[in-house]
Amino acid sequence: MAAPQTNGINPAEATNNETAPLIPHHSHNHNHHHRTPTLFPIPHEGESGRTGFHPSHFFLVLWRSSSPISSFVNLLFPFVIAAFISRIFFSPSHPLWTFALSYIGMIPSANLLGFAGQELARKMPKVAGILIETTFGSIVEIILFVVLIINHDEKEEGGNMVPIIQAAILGSILTNLLLCLGVCFFVGGIRHVSQRFHAIVSEVGSGLLLVAAFGLLIPSAFYSALKSEAKTVEVVIGEGVKVVVPLEHSDDFTLGKLENDVLQISRATSVALILSFFMYIWYCASSQHSIFDEVIEADEHRDADREADMEKPKFTATEAVIALLLSLACVTALLIFLVDEIEHVVHSGVPDQFLGLILLPLVEKAAEHLTAIDEAWDGVINVALYHCLGPSIQTALFNGPLVVIVGWTLGKPMDLNFEIFMIGLLVLSILVISNFLRDGESNWLEGALLVIVYAITAIACWYYPNPDVASSNSLQQLELINGTVANTIEGLRQAFAGV
């Protein structure tokens with residue numbers, strides 16, 4: 001049997017030659033000589049055999065989705081309707097029900113968004129398609145971050161969304177690296193005992209994650225190193241009783257100046273990280289440095305369900321765009337419902353850190369996780385690994401820094417000064433993942449260990465106090481102190497005067 005070809009290149013040669021450009025200048029594929037020339041000739045696996053929009057076929061393809069797991073998730077679509085009903089009629093009296101219904105409804109909506117992006121991606125060159133699919137999978141996260149920063153208002157009770165956004169940024173990365181990758185290794189190891197993946201995918205992914213971790217760590221490290229040097233003043237409120245108050249405005253190095261410096265560093269770091277992300281995209285797209293194309297396509301030829309998948313009915317380009325718009329509308333509305341009810345959820349006893357680090361990333365990445373797990377089960381571990389590392393890289397280099405820039409344009413002090421606890425989790429997680437990826441092979445034991453690490457992280461987050469109670473590295477806590485210290489001092493003076 002002839003070896004499968006990858007963009008006209010023998011897989012045996014693909015590892016020694018960086019070819020197959022992501023953005024071709026022209027096509028010499030004679031299999032498409034009867035078609036109208038296009039910029040991106042649709043690959044065979046992306047062909048639907050139809051054009052335009054056909055409602056019956058549209059809902060059939062939507063229902064079957066990309067895999068049996070994704071198809072099962074479509075059973076949750078009634079929760080989307082229930083969430084809208086609860087929001088319109090019962091939200092003031094039952095906010096937790098609205099949150100719960102919206103949370104569950106996000107799963108099929110995000111799944112449809114990911115599937116529609118996947119269908120559109122199949123009509124593009126390999127790496128371009130996966131980048132498009134990953135981008136649409138991250139749109140949920142971008143919308144979530146933007147909705148949160150728009151609703152941020154420190155003057156209102158429960159309106160400080162910065163700690164939740166910061167937790168969600170790191171939570172998204174940890175969920176992909178620990179939970180999703182762990183489950184992929186586990187289910188892939190059960191079916192295939194062990195799976196080998198290409199070194200280029202793991203090396204580039206690990207390197208980019210370390211760069212991202214360095215960028216995210218700098219503002220927090222800067223603040224931790226200098227916060228003890230910031231000037232304060234002691235205020236006497238009674239005999240033998242003093243209160244240490246942080247200074248905001250002075251010619252000396254004060255906490256107010258430190259806060260402003262960290263904010264400026266966060267903004268500059270965000271611009272640098274976004275630039276790094278576009279350099280990464282351009283490197284992947286370059287005609288001389290297509291690092292994933294051959295690896296991924298050769299991997300897909302070994303997909304256990306490839307033939308059955310090729311025979312499935314598919315969206316037309318028009319239907320894929322319609323599905324994208326429909327899912328985007330549902331996702332945006334449900335995320336607005338979720339954010340509006342966050343205050344009630346926190347008051348019910350769910351910690352801020354657990355909400356941001358665990359709950360929100362689980363639902364926003366549901367579609368990406370289902371796709372990666374199905375690919376690991378089918379034996380295409382390189383594609384599954386890319387679906388785990390790709391969103392993590394995009395969150396760290398683009399989505400997280402983007403919300404800092406959006407906050408900057410809106411005049412809201414969103415920074416990258418994370419809790420030391422969360423930064424420690426991120427760095428340790430990347431080190432654990434890098435160690436597991438080093439040998440180029442995975443098995444079910446490594447997957448189980450990663451899931452256990454994620455479970456331990458979730459337990460610790462549940463008991464971690466909210467920022468308004470205790471904070472190891474939060475500038476927002478300083479603002480809270482500065483804003484309330486005058487009232488506190490006056491109250492204590494009155495208490496001592498009455499003794």
Side-chain angles (χ1 to χ4, degrees), residues 67 69-70 72-73 103-104 106-107 110-111 114 134 137-138 140-141 144 164 166-191 195 197 201-202 205-206 209 212-213 350-351 353-377 380-396 399-400 421-437 442-464:
S67 66
I69 299 177
S70 297
F72 177 77
V73 166
Y103 189 88
I104 299 174
M106 272 293 302
I107 299 175
N111 180 65
T134 302
S138 296
V140 178
E141 184 172 83
L144 172 63
I164 296 177
Q166 292 175 338
I169 291 172
L170 297 188
S172 177
I173 300 173
L174 295 178
T175 301
N176 281 298
L177 294 182
L178 297 178
L179 180 63
C180 184
L181 189 59
V183 175
C184 286
F185 283 177
F186 183 78
V187 300
I190 289 177
R191 188 176 186 183
Q195 294 177 299
F197 41 84
V201 179
S202 59
S206 299
L209 285 173
V350 179
Q353 303 301 329
F354 187 84
L355 180 66
L357 209 63
I358 305 297
L359 289 184
L360 293 180
L362 279 177
V363 70
E364 77 185 31
K365 294 292 186 181
E368 196 74 33
H369 295 170
L370 293 174
T371 300
I373 293 169
D374 180 67
E375 288 161 348
W377 178 257
V380 284
I381 191 63
N382 286 305
V383 183
L385 185 61
Y386 189 88
H387 276 294
C388 293
L389 297 181
S392 300
I393 292 170
Q394 183 163 344
T395 298
N399 298 355
F421 168 73
M422 293 192 291
I423 286 292
L425 288 178
L426 176 63
V427 173
L428 290 175
S429 297
I430 292 176
L431 292 177
V432 170
I433 293 299
S434 299
N435 184 65
F436 281 0
L437 296 180
S442 67
N443 54 63
W444 68 265
L445 177 60
E446 291 179 344
L449 293 176
L450 289 178
V451 174
I452 289 174
V453 171
Y454 182 80
I456 294 173
T457 301
I459 293 172
C461 290
W462 178 263
Y463 289 100
Y464 198 84

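Here the CD atom belonging to E446 is positioned 8.5 Å from the CG atom belonging to N435, to the nearest 0.5 angstrom. Rounding to the nearest 0.5 angstrom, the gap separating the CD1 atom in I381 from the SG atom in C184 is 6.0 Å. C180 SG to L385 CG: the interatomic distance, rounded to the nearest 0.5 Å, is 10.0 Å. Note that CZ of F354 is 9.5 Å distant from CD1 of I459, once rounded to the nearest 0.5 Å. Taken from CD1 in I190 to CG in N443, the straight-line distance is 11.0 Å, to the nearest 0.5 Å. Distance check, rounded to the nearest 0.5 Å: OG1 of T175 to CG of L170 gives 10.5 Å.
Of the options L431, I430, L425, a side-chain contact (heavy atoms from CB on, under 4.5 Å) to V427 is made by L431 and by none of the others.
Residue A372 comes nearest to A384 through the heavy atom pair O-CB, 3.4 Å, listed as atom of the first residue, atom of the second, then distance. Q195 approaches G189 most closely through the heavy-atom pair OE1-N, 4.3 Å. Closest heavy-atom contact between S392 and L209: CB-CD2, 3.9 Å.
A 4.5 Å side-chain heavy-atom check between P361 and L357 finds every atom pair outside the cut-off. Counting only heavy atoms from C-beta outward, the side chains of H369 and N176 approach each other to under 4.5 Å. Counting heavy atoms from C-beta outward, L445 and F185 have side chains that stay 4.5 Å or more apart. You'll find the side chain of L181 stays beyond 4.5 Å of the side chain of F436, heavy atoms only. L179 is listed as a side-chain neighbour of L362, based on a closest heavy-atom distance under 4.5 Å.
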Steps toward side-chain contact (heavy atoms from CB on, under 4.5 Å) verdict (L449, V453): CA-CA 6 Å; L449 293 176; V453 171; 5.5 Å; no
Residue pair L450, I433: steps toward the side-chain contact (heavy atoms from CB on, under 4.5 Å) verdict: CA-CA 8 Å; L450 289 178; I433 293 299; 3.6 Å; yes
Trace of the side-chain contact (heavy atoms from CB on, under 4.5 Å) decision for L174 with M422: CA-CA 10 Å; L174 295 178; M422 293 192 291; over 6 Å; no
Evaluation steps, side-chain contact (heavy atoms from CB on, under 4.5 Å), between L177 and L389: CA-CA 7 Å; L177 294 182; L389 297 181; 3.8 Å; yes
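One N or O on the side chain of T395 and one on the backbone of P391 form a donor-acceptor pair closer than 3.5 Å. A side-chain donor-acceptor contact under 3.5 Å links Y103 to the backbone of L359. Looking at E141, its side chain never comes within 3.5 Å of a backbone N or O of E364 through a donor-acceptor pair.
Below 30°, between 30° and 60°, or above 60°: for F421 and Y464 the angle between ring planes is below 30°, a parallel geometry.
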